[in-house]
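Before I ask anything, here is the structure I am working with.
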Amino acid sequence: MERYEVKVKYEEIKELMKAEWYQDAMEVANTIDWDKSKNVNMLCLAGEVYERCGMFEDSKAIYLRAYQLQPQSRIIIYRLAELSIKLNDYEDSIHFYKEYEKAAPYDINLYVLRYKIYVASGASTETLISILEELKESDYHERWAYELAKLYGEAGMIDKCVAECDEINLWFGTGRYVLKALQLKKKYQPLTGEQQQKLDNAAPKPHKAEETIQKKAEAEEKKKRAQKNFEDLKTKGRKAGTGNLPSYAELEKARKDALDAAREEKAAQLLWEAEAENDQEEAAIQAREESEYIGQGTMPQFNAEISEKIKAPAMKTPQIKAPRIKQPVNAPTAE
């Protein structure tokens, strides 16, 4: 019964994450005992769930469990490096940077990790620019190109800032970072007619209040009904004897119906936000990006020692700690 429950919950968490229902996914994850899990895929999914919800300590504890089982995984090492930065854990951030360097010595994400460590430790704008310029030589990515353009602006290098913004527009053409680059350029220099038209076309449309509110309300009601049906079936399964459990196909159909309804509700919500004056989705993405530098000002102040430690041999492996999450009594253990 425990394996059956975990399998159903794991699939439910995956679907909720796809639908970006992170809080709902965390509520399901809280009902599973991850402490003794030996399934790396499940642990990584749980770690992502808690990270998305801002539970960085819990996320890191679960990723450390996965790291214990699969210490060569580049994905796990990278996630641990990023979480260590978010938690202001200077020693671990350096350690996992070095571990990632050993696992993927030519990966461009090494520049990204180094950049994030330097930002968290308050490195100078000139130092940060040099890292992103190195990254640009290896791979031109719109997000980090825009970050470089911003740094040029902050450093008073206006010509380079404007040139970088034009290059982002030329190379990538569309997307949120292209629009952000054009907005940044506009602070320092008038846009071309084509660039201004691109910004104008991306401006939020007038808010169709009545129609959108009705669609949103209908989708929310459908979601509630579908989720209630799924929860009722699960409750019936827990209370009934083994011979009277709902069939797996019946549970799967109810689960998929609930998730389909959740997607419809999410789509209605996104339509509402797209028509509104304030783009909430953009704000959420911005908040996630800013959380990458949550350690800024609290890690050791950037100096030559930090730079040298990144070049030094790997430091001692951090102690593996069990997740802090309080587990319910008799919670099923992940496989």
Side-chain angles (χ1 to χ4, degrees), residues 17-22 48 51-52 75 78 82 107-113 115-116 119 125 128-129 131-155 157-209 211-212 215-216 219 262-293:
M17 290 294 283
K18 286 180 184 177
E20 299 184 4
W21 288 83
Y22 304 126
E48 183 182 353
E51 183 179 4
R52 287 285 190 177
I75 294 175
Y78 188 85
E82 285 203 316
D107 196 314
I108 61 164
N109 283 316
L110 282 170
Y111 292 109
V112 176
L113 284 179
Y115 178 77
K116 291 179 179 180
V119 169
T125 302
L128 299 178
I129 285 174
I131 296 172
L132 292 185
E133 285 179 337
E134 287 184 61
L135 172 57
K136 180 180 176 180
E137 290 179 8
S138 300
D139 182 49
Y140 197 49
H141 187 284
E142 60 262 49
R143 177 182 172 183
W144 301 112
Y146 172 69
E147 193 91 1
L148 177 59
K150 278 202 310 180
L151 290 174
Y152 283 144
E154 291 170 11
M157 304 164 72
I158 306 305
D159 289 345
K160 284 194 172 184
C161 173
V162 169
E164 192 66 34
C165 291
D166 283 335
E167 195 170 353
I168 292 168
N169 179 59
L170 178 64
W171 274 88
F172 303 106
T174 59
R176 62 188 299 266
Y177 289 107
V178 171
L179 297 177
K180 288 166 75 73
L182 293 179
Q183 290 166 348
L184 177 62
K185 176 186 175 181
K186 196 172 181 179
K187 289 172 57 178
Y188 303 111
Q189 191 179 103
L191 301 178
T192 66
E194 182 182 353
Q195 291 171 345
Q196 185 61 56
Q197 185 63 44
K198 188 177 292 188
L199 271 186
D200 293 342
N201 290 341
K205 298 177 182 179
H207 192 201
K208 302 175 184 178
E211 179 184 349
T212 323
K215 287 182 179 179
K216 184 170 177 287
R263 288 194 190 95
E264 287 183 29
E265 198 272 346
K266 180 67 174 178
Q269 176 70 22
L270 288 177
L271 178 62
W272 167 269
E273 293 173 2
E275 292 175 351
E277 291 183 4
N278 296 321
D279 189 347
Q280 296 178 17
E281 186 181 12
E282 174 73 18
I285 294 171
Q286 186 69 25
R288 284 202 298 270
E289 290 178 359
E290 289 175 356
S291 75
E292 295 176 357
Y293 311 124

query: Considering only heavy atoms from C-beta outward, does the side chain of K186 approach that of Q196 to under 4.5 Å?
result: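 SC-SC contact between K186 and Q196 confirmed.
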task: Report the distance from atom CG of L132 to atom NE2 of H141, rounding to the nearest 0.5 Å.
output: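 That separation rounds to 12.0 Å.
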- prompt: Tell me, do K187 and L184 make a side-chain contact under 4.5 Å, heavy atoms counted?
  reply: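 Heavy-atom side-chain distance check passes, below 4.5 Å.
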query: Tell me, do L148 and E133 make a side-chain contact under 4.5 Å, heavy atoms counted?
result: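 With C-beta onward as the side chain, the pair touches.
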- prompt: With sequence neighbours left out, what residues match E51 under salt bridge (charged side-chain N to carboxylate O under 4.0 Å, His left out)?
  reply: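 Checked E51 against salt bridge (charged side-chain N to carboxylate O under 4.0 Å, His left out); matches are R79, K86.
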task: Check ring-ring contact (aromatic ring centres under 6.0 Å, His included) between F172 and all other residues, then give those that pass, not counting sequence neighbours.
output: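 ring-ring contact (aromatic ring centres under 6.0 Å, His included) check on F172 returns Y140.
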query: Can you name the side chain to side chain donor-acceptor pair (under 3.5 Å) partners of K136, sequence neighbours left out?
result: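 With sequence neighbours excluded, K136 shows a side chain to side chain donor-acceptor pair (under 3.5 Å) to E164, E167, given in chain and number order.
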message: Nearest 0.5 angstrom please: D159 CG to M157 CE, how far?
response: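 If I round to the nearest 0.5 Å, the distance is 9.5 Å.
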- request: Determine the minimum heavy-atom distance between A149 and C161, stating which atoms define it.
  value: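 Heavy atoms of A149 and C161 come nearest at O-SG, 3.4 Å.
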- prompt: With a 4.5 Å limit on heavy-atom distance, are the side chains of E147 and L128 in contact?
  reply: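 Contact flag for E147/L128 side chains = no.
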field: pair I129-K160: side-chain heavy atoms closer than 4.5 Å
entry: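 No. Closest side-chain heavy atoms not under 4.5 Å.
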- prompt: Looking at CG of L170 and CD of Q195, how far apart are the two atoms once the value is rounded to the nearest 0.5 Å?
  reply: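 Answer rounded to 0.5 Å: 10.0 Å.
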Nearest-0.5 Å distance that lies between atom CG in L199 and atom CD in Q183: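 Between atom CG of L199 and atom CD of Q183 there are 5.5 Å.
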field: Value rounded to 0.5 Å, distance of CD1 in I131 from CG in L110
entry: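 Going from CD1 on I131 over to CG on L110, the span is 11.5 Å.
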message: Within the supplied structure, the quantity of interest is the number of heavy atoms (other residues, nucleotides, ligands) at a distance under 6.0 Å from I75 CD1; does it exceed 12?
response: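 Incorrect, the count does not exceed 12.
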message: Just to verify, what does Y146 make a side chain to side chain donor-acceptor pair (under 3.5 Å) with, not counting sequence neighbours?
response: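 With sequence neighbours excluded, Y146 shows a side chain to side chain donor-acceptor pair (under 3.5 Å) to no residue whatsoever.
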- prompt: With side chains defined as the heavy atoms from C-beta onward, is the minimum distance between Q197 and N201 less than 4.5 Å?
  reply: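 A side-chain contact exists here, since the closest heavy-atom pair is under 4.5 Å.
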message: Does any part of the side chain of N109, heavy atoms only, come nearer than 4.5 Å to the side chain of Y78, both counted from C-beta?
response: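 Sidechains of N109 and Y78: in contact.
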query: What pairs with K18 under side chain to side chain donor-acceptor pair (under 3.5 Å), at least two apart in sequence or on another chain?
result: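 Partners of K18 by the side chain to side chain donor-acceptor pair (under 3.5 Å) criterion come out as none, since no residue qualifies.
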- prompt: Does D107 have any salt bridge (charged side-chain N to carboxylate O under 4.0 Å, His left out) partners at least two apart in sequence or in another chain, and if so, which?
  reply: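 Once residues adjacent in sequence are excluded, the partners of D107 under the salt bridge (charged side-chain N to carboxylate O under 4.0 Å, His left out) criterion are R74.
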message: So Y115 and W144, do their side chains get closer than 4.5 Å, heavy atoms only?
response: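 Yes, at least one pair of side-chain atoms sits under 4.5 Å.
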- prompt: If we ignore angles and hydrogens, is there a donor and acceptor under 3.5 Å between the side chains of N169 and K198?
  reply: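 There is such a pair between these side chains.
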message: On a heavy-atom basis, which atom in K185 and which in P190 lie closest, and how many Å separate them?
response: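 Minimum heavy-atom contact is CE-O, 3.8 Å.
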field: Closest heavy-atom pair and its distance - L179, A202
entry: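 Heavy atoms of L179 and A202 come nearest at CD1-CB, 3.5 Å.
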